[in-house]
There are 2 protein chains.
Amino acid sequence: MSSKYDGLKLENQICFPLYAASREVIKRYRPYLDALQLTYTQYIAMMVFWQEKSLSVKELGEKLFLDSGTLTPVLKSLEAKGYIIRSRSKADERVLEAKITEKGENLKEQAVTVPQSVAGCVKLDSTEVKQLYNLLYKVLDVLNED
Amino acid sequence: MSSKYDGLKLENQICFPLYAASREVIKRYRPYLDALQLTYTQYIAMMVFWQEKSLSVKELGEKLFLDSGTLTPVLKSLEAKGYIIRSRSKADERVLEAKITEKGENLKEQAVTVPQSVAGCVKLDSTEVKQLYNLLYKVLDVLNED
DNA sequence: CTAAATTAAATTGAGCACAACTTAATTATA
DNA sequence: TATAATTAAGTTGTGCTCAATTTAATTTAG
């Protein structure tokens, strides 16, 4: 039996399992990230720095889908821990460049086991992971177009 | 060329697109929910009340994957708006029962168009939505087992 | 060249999300 | 049946997340 209210059920809105699964997976990172003294947001920022070495707040924000309101305190915290250095661009004083330090590079060695450890909890086979991955990026790409 | 650090790339961790897509989709709800004077968390709580009419904080928390630390202020806010009433269970004074009001029921009429409006932004076809749905619940079910 | 528009970060304030702890009620056990 | 253990909510404190605003630097147009 269906009604005009069916769309208003939790189990009929894709957005709810997305939201719940996201939080539950992030929770699984916590014990491993606690050992590194990183929050999840600090961790994904460091993942970008391990690849890019140096970038502006705006560039980092585009990669993480976060704005300066979120990133400014996260970057200050990472700088306080000694993993990055923040400095104004000489070419354009509006731009803040964040650059990974030697200490930040070294942290990569300790972080390298984190993804495998968490992957063990999720228990999708490689085909399913690929499917999920493609669907999520399809959603992200469309929403990112605006 | 692959390295032992490949797992530490954003694009190789399922958790990142999950986190980013979740936030981006929720952002699409905002304009519609603003019109109802509801936040997203208040909205998913109301979705449960539209189905269940009355339940305890614990039961609601199990459905939403949220604890009393999050739900207590959300429920107080919904009560302040007149959509629910909170009262202690007579059978067990520890339990707080939250019950939808007439006004809360009426809100459903205004909310009924929200899911369709947002679904339009996501742009997955019905097969893809079903796939995504199944994969997300698979992740949730496994993580929920502990 | 200068005023207006744009841009990049930072700031502010509201509302989660969650861990850790507290309080009060109920249940289990010695 | 005392008391110990457990349970349900609430409280507290930290850290996002985001919208809206502010500040300062740069670019664009008149």
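Given the structure is predicted, the values throughout are model-derived calculations rather than measurements. Just so it is clear, the values below take in all heavy atoms, side chains as well, and ignore hydrogens, waters and symmetry mates. Throughout, protein chains are lettered first and strands after them, A, B, ... in sequence-line order, and every chain is numbered starting at 1.
Ring geometry for A:F65 versus B:F16: interplanar angle of 30 to 60°, hence tilted. Between A:W50 and A:Y43, the ring-plane angle classifies as perpendicular under the 30° and 60° cut-offs.
By the 4.0 Å N-to-carboxylate-O rule, A:K27 lies close enough to A:E24 to be salt-bridged with it. Electrostatic pairing of A:E11 and B:K63 does not count as a salt bridge here, judged by no charged N lying under 4.0 Å from a carboxylate O. With respect to A:E62 and A:K58, a salt bridge is recorded, a charged nitrogen being found less than 4.0 Å from a carboxylate O.
Phosphate proximity of C:dG15 to B:Q42: absent, as no side-chain N or O sits under 4.0 Å from OP1 or OP2. Listed pair B:T41 / C:dA17 meets the phosphate criterion, a side-chain N or O lying under 4.0 Å from OP1 or OP2. Side-chain nitrogen and oxygen atoms of B:R86 include at least one within less than 4.0 Å of the OP1 or OP2 phosphate oxygen of D:dG10.
Candidate nucleotides D:dG10, C:dC18, C:dA24 were compared by shortest atom distance to the side chain of B:S68, and D:dG10 ranks first. The listed nucleotides are C:dT6, C:dA9, C:dA25; the one nearest the side chain of B:D92 is C:dA25. Closest approach to the B:E93 side chain among D:dC16, C:dT26, C:dT6 is made by C:dT26 (side chain taken as heavy atoms from C-beta onward). With distances taken from any side-chain atom of B:D67 to the nucleotides C:dA25, C:dC18, D:dG10, the minimum falls on C:dC18.
As rounded to whole Å, 18 Å separates atom C1' of D:dC16 from atom OH of A:Y43. Note: NZ (A:K27) to P (D:dC16) measures 17 Å, nearest angstrom. Taking atom CG of residue B:L33 and atom P of nucleotide C:dG15, one finds them 14 Å apart after rounding to whole Å. Here D:dA19 presents its P atom at 11 Å from CG of A:L66, a figure rounded to the nearest Å. Taking atom CZ of A:R94 as the reference point, atom P of D:dT27 lies 6 Å away to the nearest angstrom. Between the P atom of C:dC16 and the CZ atom of B:R30 lies a distance of 10 Å, rounded to the nearest Å. What separates CD1 of B:I26 from P of C:dG15 is a distance of 16 Å, to the nearest Å. A straight line from CG of B:L96 to P of D:dA8 spans 13 Å, rounded to a whole angstrom.
A donor-acceptor contact shorter than 3.5 Å is absent between the side chain of B:Q110 and the backbone of B:L107. A donor-acceptor distance shorter than 3.5 angstrom exists from the side chain of B:T101 to the backbone of B:Y83, with no hydrogens or angles considered.
Contact check of residues 69-82 of chain B against DNA chain D (heavy atom, cut-off under 4.0 Å) returns B:G69, B:T72, B:K76. Heavy-atom distances under 4.0 Å link DNA chain C to A:S56, A:V57, A:K58 of residues 45-62 of chain A, given in residue order.
One cannot find a donor-acceptor pair under 3.5 Å joining the base of D:dT17 and the side-chain atoms of B:R23.
Remark: B:I26 CD1 to A:Y19 OH distance equals 6.5 Å, nearest 0.5 Å. The distance from atom NZ of B:K76 to atom CD of B:E79, rounded to the nearest 0.5 Å, is 9.5 Å.
The residue B:E97 sits apart from the nucleic acid: no heavy atom pair falls under 4.0 Å.
Screening A:R88, A:K90, A:R94 for a salt bridge (charged side-chain N to carboxylate O under 4.0 Å, His left out) with A:D92, the sole residue that qualifies is A:R94.
If A:Y19 and A:R88 are placed on DNA chain C by their nearest nucleotide, the residue sitting closer to the 5' end is A:R88.
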